[in-house]
Asks: 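Mind having a look at this structure? Questions to follow.
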Amino acid sequence: MSALRNLKPKNVFTYFDEICCIPHGSGNTKQISDYCAAFARSHGLRCRQEPCGNVIIWKDASPGCEDAPTVMLQGHMDMVAVRTDDCSLDLEKEGVRPVVTADGQWVCAEGTSLGGDDGIAIACALAILADDTLRHPPLEAVFTVDEEIGLLGASALDASDLRSQILLNMDSEDDGIFLTSCAGGATVTCNLPVSRVKKQGILYEWRVSGLRGGHSGTEIHLERANANLLFGRFLAEAGEKAEFSVCDVSGGEKDNAIPNQCRAMLLAPATEVAALEGAVSEFRDTVCAEYAAVEPNMEVTLTRLHTFAEKVPSCEMKHRLTALLEHLPSGIQRWMPEIHGMVRTSLNMGVLRMRDDAVSMTFSVRSASCTEKEWLIRRIRDMTELVGGQCLVSGEYPAWEYQSGSRIQRVMAETWEEITGEKPLLTGIHAGVECGILSEKLPGIDCISYGPQMEDIHTVREKLSVASVERNYALTVRVLERLTK
């Protein structure tokens, strides 16, 4: 018998153990979806399994609780399935192998990620659905697929037969920290046409590197340097001191990652070599001094290559590119007035690329306000079109806006304090979670997101706190009981 089945709460860890045995990486969720649907049938519960794999399970209220508000228990079935190089498991066909640490405090997996995110939410919900001794309102358990690769299951969910008024999203990883809002977002790509002329001169490689980078949602408030924006500043400042052309540029890897490096190929006439090298040296001294506290490893280099003669982007195109990089909004745009220290609206230019016919700039735009998000996108579009470019908006997802006077926030906070003797932290997250999509599909629903302590999620070092699972399960059960009153 698995060591997990000796842990408390026993019913939760029994279901989690069964879930671990099923391969359920993102994009490979049919077996876990079928497992949840089979659970519903075996317990005589009404169930709907959607073509994409989402599973919805209904359970009637406890006797006498029929008039209580319907509550949604929600989590996602997919996990980020990764393994060490020497692990022999085929995670497309095999589940993970959970183990308990020697001190009994944590659950992890042998050679793989654990999938506590978000298998433990599914296990908790199944334990509640299976327990007829609990007192609870009408329940709708919504298990989605492919959250980890773009909130795909939540986006595809048919909510036409859902009646929930309160949503308990069990997909957070910090014990005693309850999320009350999240950012909506979109990817915005600006394309600026490139016209070329034949020139010759000395070819240089310009590079900024050694930056910390980071996640544009959870680390944007740290105000780290953005390599692509530094290149724009270099163009603006050096362009006043030396004549040169931009032959190529490449910065960043993903729109939602703060770029930690940018590389450009520059062409300067022989008569401008000294001016260009001097401008780079001055720029290096300036930005390294400005960012010394947050970017101690920043490097700005200029490497002379060889004589070059080829068609390169025109001076006019360079000026338009400079104008965009210099004047497009970036970074934090507004803080959340209701939550101290929480970012409300931001954007990140994560990718900068030059192709034969265009330069593209790709932004991750985030806001806890749908209207602010749209206004920010409009500002990007208007500025791009002003210099002859075009914008493409894709991958939009809605915000979950903060609700003052929320009943579920109050009940959760009071219940947590009763259980632990400590006040929880209620805050938001400057990234997307499924509550944003679900609250758009079910207008007026009162949401909160929480969960047991997990560390190093999405990695082979992932671990789940046993005591925290017990606390959070007790919290959920007691909150459901309070919501019947």
Side-chain angles (χ1 to χ4, degrees), residues 1-2 4-24 29-79 95 98 115-116 118-145 153 157-171 438 451-452 469-470 472-484:
M1 183 175 73
S2 168
L4 266 61
R5 302 196 180 206
N6 295 322
L7 302 177
K8 295 181 179 179
K10 184 176 178 62
N11 51 353
V12 174
F13 278 106
T14 295
Y15 284 118
F16 183 63
D17 189 42
E18 292 179 1
I19 289 167
C20 287
C21 293
I22 303 168
H24 57 285
T29 53
K30 185 178 186 310
Q31 288 187 58
I32 188 69
S33 175
D34 290 344
Y35 165 82
C36 292
F39 164 90
R41 291 191 297 271
S42 69
H43 287 80
L45 300 174
R46 184 162 65 96
C47 173
R48 175 162 61 80
Q49 189 174 18
E50 297 189 324
C52 67
N54 292 335
V55 175
I56 302 92
I57 302 172
W58 287 265
K59 186 174 185 181
D60 293 338
S62 301
C65 305
E66 293 82 4
D67 294 334
T70 301
V71 176
M72 181 186 296
L73 305 174
Q74 198 269 319
H76 62 86
M77 293 179 280
D78 63 312
M79 64 174 284
D118 196 22
I120 197 63
I122 307 302
C124 287
L126 295 181
I128 289 169
L129 292 171
D131 191 344
D132 292 332
T133 68
L134 302 179
R135 184 174 175 82
H136 58 77
L139 298 177
E140 294 177 334
V142 176
F143 305 148
T144 53
V145 298
L157 178 71
D158 176 3
S160 61
D161 55 359
L162 300 182
R163 300 294 179 263
S164 292
Q165 298 165 266
I166 294 173
L167 166 57
L168 302 181
N169 169 269
M170 296 179 281
D171 189 23
L438 295 171
V469 171
E470 188 169 14
N472 279 267
Y473 184 68
L475 171 69
T476 306
V477 169
R478 195 175 299 185
V479 164
L480 290 175
E481 183 177 2
R482 290 187 62 170
L483 291 173
T484 65

Asks: Just how far is it from atom CD1 of I56 to atom OG of S164, taken to the nearest 0.5 Å?
Replies: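 One gets 10.5 Å once the value is rounded to the nearest 0.5 Å.
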Asks: Would you mind reporting whether H24 and H76 have side-chain heavy atoms less than 4.5 Å apart?
Replies: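 No, their side chains stay 4.5 Å or more apart.
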Asks: Distance-only, no hydrogens or angles: does the R163 side chain make a donor-acceptor pair with backbone N or O of P138 under 3.5 Å?
Replies: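 A pair under 3.5 Å: no.
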Asks: Do side-chain atoms of E140 reach the backbone of T70 as a donor and acceptor pair under 3.5 angstrom?
Replies: no
Asks: Mark yes or no for whether E481, through its side chain, and V479, through its backbone, hold a donor-acceptor pair below 3.5 Å.
Replies: no
Asks: Specify the closest pair of heavy atoms between I19 and G119, including all atoms of both residues, with the distance to one decimal.
Replies: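 Answer, listing the atom of I19 first, then G119: CD1-O, 3.7 Å.
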Asks: Has the side chain of H43 got a donor or acceptor atom that lies under 3.5 Å from a matching backbone atom of L45?
Replies: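 No; zero donor-acceptor contacts below 3.5 Å.
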Asks: Quick check: closest heavy atoms across V55 and A37, and the distance to 0.1 Å?
Replies: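 That closest heavy-atom pairing would be CG1-N, 4.3 Å.
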Asks: Could you check whether atom CG of D67 has more than 12 heavy atoms from other residues, nucleotides or ligands sitting under 6.0 Å from it?
Replies: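 Counting other residues, nucleotides and ligands, CG of D67 stays at 12 neighbours or fewer.
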Asks: How long is the gap from CD on E66 to CG on D60, to the nearest 0.5 Å?
Replies: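 If I round to the nearest 0.5 Å, the distance is 8.0 Å.
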Asks: Could you check L438 against L162 for side-chain contact (heavy atoms from CB on, under 4.5 Å), going step by step and ending with a plain yes or no?
Replies: CA-CA 11 Å; L438 295 171; L162 300 182; 6.0 Å; no
Asks: Might you point out which heavy atoms bring Y473 and P9 nearest each other, and give the distance in Å?
Replies: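 Closest heavy-atom pair between Y473 and P9: CD2-CG, 3.9 Å.
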Asks: Would you mind reporting whether L168 and L480 have side-chain heavy atoms less than 4.5 Å apart?
Replies: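 Result yes, sub-4.5 Å side-chain heavy-atom pair found.
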Asks: Can you check whether H136's main-chain N or O pairs, donor with acceptor, with S62's side chain at less than 3.5 Å?
Replies: yes
Asks: Kindly compute the distance separating CZ (F39) from CG (L126), expressed to the nearest 0.5 Å.
Replies: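 Going from the CZ atom of F39 to the CG atom of L126 covers 4.5 Å.
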Asks: Can you see which heavy atom on R48 is nearest to which on D161, and at what distance?
Replies: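 Heavy atoms of R48 and D161 come nearest at NH2-OD1, 2.7 Å.
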Asks: Verify the distance criterion only: is there a donor paired with an acceptor across the side chains of D171 and Q74 at less than 3.5 Å?
Replies: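 Distance-only check fails for D171 and Q74.
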Asks: At what distance, to the nearest 0.5 angstrom, does NZ of K59 lie from CG of L134?
Replies: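 These two atoms lie 6.5 Å from each other.
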Asks: Return yes if some donor-acceptor pair links the side-chain N/O of K30 with the main-chain N/O of G53 below 3.5 Å, else return no.
Replies: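 Judged by distance alone, no pair lies under 3.5 Å.
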Asks: Just wondering, more than 12 heavy atoms not from D131 lying within 6.0 Å of its CG?
Replies: yes
Asks: Dump the intermediate steps for side-chain contact (heavy atoms from CB on, under 4.5 Å) on R5 and E18, then the final yes or no.
Replies: CA-CA 10 Å; R5 302 196 180 206; E18 292 179 1; 3.4 Å; yes
Asks: Would you say the side-chain atoms of S33 pair up with the backbone N or O of T29, donor to acceptor, closer than 3.5 Å?
Replies: no
Asks: Look up atom CD1 in I32 and atom CZ in F143, then write down how far apart they are to the nearest 0.5 Å.
Replies: 9.5 Å
Asks: Are T144 and N54 close enough that some pair of their side-chain heavy atoms sits under 4.5 Å apart?
Replies: yes
Asks: Supply the atom-to-atom distance L7 CG to F16 CZ, rounded to the nearest 0.5 angstrom.
Replies: 10.5 Å
Asks: Does the side chain of I120 come within less than 4.5 Å of P452's, by heavy atoms?
Replies: yes
Asks: So does G75 get a backbone contact from the side chain of D118, meaning a donor-acceptor N/O pair under 3.5 Å?
Replies: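 Not confirmed, D118 side chain does not pair with G75 backbone.
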Asks: Check each of T484, L139, I128 against V71 using the side-chain contact (heavy atoms from CB on, under 4.5 Å) test, and report the only one that passes.
Replies: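 Testing each of T484, L139, I128 against V71, the sole residue satisfying side-chain contact (heavy atoms from CB on, under 4.5 Å) is L139.
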Asks: Provide the closest heavy-atom pair for L483 versus I166 in the form atom of the first, atom of the second, distance.
Replies: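 Looking at all heavy atoms of both residues, the shortest contact is CD2-CD1, 3.8 Å.
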Asks: Where do P63 and R135 come nearest, in terms of heavy atoms and distance?
Replies: O-NH1, 3.7 Å
Asks: With a 4.5 Å heavy-atom cut-off, do I122 and C36 have their side chains touching?
Replies: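 Side-chain contact under 4.5 Å: yes.
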